[in-house]
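Just so we're clear, the structure is a prediction, and the values are computed from it rather than from any experiment.
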Amino acid sequence: VSTSPAMIQEHRIEIRDAASVQIQDYQETLVKDEGESLDLVCQGFGDPLPEMHWYRENRLLPDGNRKVQGERLYYSTITRKHSGIYTCSGTNGFGTPSTQSVEVLVRSPPEVLLHHELKEDHELKLTCAVKGYPEVTVSWSKDNGELPERADILDSGGKHILRISDPSDGDIGVYKCSAENSIGVAEASIDLAENEKLVQSITSSSEENSKPLSTTQDTVKSVDELLDLEPQELNHSPRMYSSLVPLVLSCTLYIQLLY
C-alpha cells in the first residue's frame with residue numbers, strides 16, 4: 001500500500017460568449033424627414049463585451065469617415081445625403097463579428113442633373129439623373145412642346161434617358177426634364193444651341209459625304225457620381241468644374257415645396 005500523499009490537479013475552465021449586437025427600437029427601414037435628427041444606438045452582448053462601431057454600406061459616412069467607434073451614431077440635422085444602409089458591428093475576439101443593419105430613407109424633394117452626349121454612332125443622348133424620396137415621377141419636354149419623332153425614352157436606376165437617333169438641325173433647342181414627388185417639384189433645362197461644338201457636329205452630319213463624328217460630351221464623370229457630390233466638392237475640383245460650366249450656365253433648377 002502506497003503511503004505517498006494523493007496528487008490533486010485543478011483545471012480552470014472559462015466559457016466565453018461570442019459577440020452579438022442589437023439595434024435599439026429596431027426596424028428594418030427607418031423613414032425620416034430632412035432637418036430631423038438621426039440617432040442610432042446599438043447594444044453589444046457577449047463575454048467579454050464587444051467593441052462596437054458603425055459604418056454605412058458601400059459608401060463613406062456623411063461626414064466622410066469610414067466608421068464611427070462606439071454604440072451610438074448621431075446626426076443633429078439630416079439631409080438626403082444621409083440616406084443609406086447603416087450597419088452596427090461588434091466583436092470580442094471570439095467567433096465572427098456580429099452585425100445588424102437598418103436602412104435610412106430621408107424624405108426630400110427631387111434633385112435633378114442633366115447631362116448630354118453626342119455619341120460616335122450619331123445618337124444624341126440626354127440623361128436626366130434624379131434623386132428623391134418618395135418615388136419621383138419624371139417627364140421630358142422640348143421648347144415647342146413636342147419631342148422629335150425619333151426620340152426614345154428609357155428609365156434605368158434613377159437615370160431617365162432621352163435618345164434621338166440621327167439628330168438634325170430641327171432637333172436643336174431647349175429640352176426640359178421635370179421631376180415631381182409628394183414633397184416637391186424640380187425642373188432642369190438645357191439649351192443645346194449654346195453648345196457650339198454639338199451644333200457643329202449635328203449640322204455637319206446633315207451634309208452629304210460628312211466625315212465620321214467624334215464624341216462630344218459635357219462631363220468627365222458619370223451622372224451617378226456627380227449627384228452624390230456636395231457643392232463644395234465641385235468647387236474644389238477644377239477639372240470637373242470647368243467641364244460643367246456650359247451645362248450649369250444653361251440649366252435652371254426650381255424647387256417648390258408642396259404643402
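- When the shell of 6.0 Å around CD of Glu34 is examined, it contains more than 12 heavy atoms from other residues, nucleotides or ligands.
- Dense packing is recorded around CD of Gln69, with more than 12 heavy atoms of other residues, nucleotides or ligands lying under 6.0 Å away.
- Contact of the Pro167 side chain with the Glu123 side chain is not registered, since no non-hydrogen atoms from C-beta on lie closer than 4.5 Å.
- With contacts defined as side-chain heavy-atom distances shorter than 4.5 Å, the pair Glu196/Val199 does not qualify.
- Cation-pi geometry between Lys67 and Tyr55 is not met at under 6.0 angstrom from the ring centre and within 45 degrees of the axis.
- By the 4.5 Å heavy-atom criterion applied to side chains, His116 and Leu198 are counted as neighbours.
- For Glu146, the CD atom sits in a loose shell: 12 or fewer heavy atoms of surrounding residues, nucleotides or ligands are nearer than 6.0 Å.
- Atom-to-atom distance recorded for Arg80:CZ and Tyr133:OH is 14.5 Å, nearest 0.5 angstrom.
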Evaluation steps, side-chain contact (heavy atoms from CB on, under 4.5 Å), between Leu30 and Leu105: CA-CA 6 Å; Leu30 181 62; Leu105 300 174; over 6 Å; no
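- Cluster membership check: Leu162 does not share its hydrophobic cluster with Val174, using side-chain heavy-atom separations under 4.5 Å among Ile, Leu, Val, Met, Phe, Trp and Tyr.
- Using a 4.5 Å heavy-atom cutoff, the side chains of Arg107 and Val31 are in contact.
- The two residues Ser89 and Pro97 come nearest to each other via the heavy atoms OG-CB, 4.1 Å.
- Residues Leu73 and Val21 do not share a hydrophobic cluster, clusters being chains of Ile/Leu/Val/Met/Phe/Trp/Tyr side chains in contact below 4.5 Å.
- The two residues Val130 and Pro110 come nearest to each other via the heavy atoms CG1-CB, 4.3 Å.
- Expressed to the nearest 0.5 Å, how far NE2 of His53 lies from CG of Asn65 amounts to 12.5 Å.
- Annotation for Asp63: atom CG counts as buried by contact number, over 12 foreign heavy atoms lying within 6.0 Å.
- Side chain of Asn92 to main chain of Asp17: a donor-acceptor pair is present (N/O by atom type, distance under 3.5 Å, no hydrogens or angles).
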Stepwise side-chain contact (heavy atoms from CB on, under 4.5 Å) check, Trp140 with Cys128: CA-CA 9 Å; Trp140 287 93; Cys128 181; 3.5 Å; yes
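- Ring geometry for Tyr75 versus His82: interplanar angle over 60°, hence perpendicular rather than tilted (30 to 60°).
- Remark: Ile161 CD1 to Leu126 CG distance equals 10.0 Å, nearest 0.5 Å.
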side-chain contact (heavy atoms from CB on, under 4.5 Å) assessment of Ser37 paired with Thr77: CA-CA 5 Å; Ser37 63; Thr77 305; over 6 Å; no
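- Looking at Gln100 and Thr87, their side chains never bring a donor and an acceptor atom within 3.5 Å of each other.
- Between the side chain of Gln24 and the main chain of Gln43, no donor-acceptor pair closer than 3.5 Å is present.
- Side chain of Glu194 to backbone of Asp191: no donor-acceptor contact under 3.5 angstrom is found.
- Across Ala19 and Gly90, no two heavy atoms sit closer than the pair CB-O, 3.7 Å.
- Within the model, atoms OG1 of Thr137 and CD of Glu135 stand 6.0 Å from one another, a figure rounded to the nearest 0.5 Å.
- Atom CG of Asp39 sits about 8.5 Å away from atom NZ of Lys32, to the nearest 0.5 Å.
- Side-chain contact between Arg66 and Leu61 is absent, with no heavy-atom pair separated by less than 4.5 Å.
- Looking at Asn195, its side chain never comes within 3.5 Å of a backbone N or O of Leu192 through a donor-acceptor pair.
- Salt-bridge check for Asp143 with Lys176: failed, with every basic side-chain N at 4.0 Å or more from each acidic carboxylate O.
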side-chain contact (heavy atoms from CB on, under 4.5 Å) between Arg56 and Ile85, worked out: CA-CA 6 Å; Arg56 186 161 59 164; Ile85 299 176; 5.7 Å; no
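- Considering only heavy atoms from C-beta on, Asp169 comes within 4.5 Å of Ile202 through its side chain.
- Nearest heavy atom pair, residue Pro109 against residue Asn181, reads CA-OD1, 4.0 Å.
- Side-chain contact check for Leu40 versus Trp54: some heavy-atom pair is nearer than 4.5 Å.
- Looking at every heavy atom in both residues, Ala188 comes nearest to Val112 through CB-CG1, 3.6 Å.
- In the hydrophobic clustering of ILVMFWY residues, with side-chain heavy atoms under 4.5 Å counting as a link, Val102 and Val106 come out together.
- Note: His122 NE2 to Ser165 OG = 9.5 Å, rounded to the nearest 0.5 Å.
- The two residues Cys88 and Met52 come nearest to each other via the heavy atoms SG-CE, 3.6 Å.
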Salt bridge (charged side-chain N to carboxylate O under 4.0 Å, His left out) between Arg150 and Asp166, intermediate numbers included: CA-CA 8 Å; Arg150 299 179 311 284; Asp166 297 321; over 6 Å; no
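- Contact annotation: the side chain of Leu38 approaches that of Val104 to within less than 4.5 Å [non-hydrogen atoms, C-beta and beyond].
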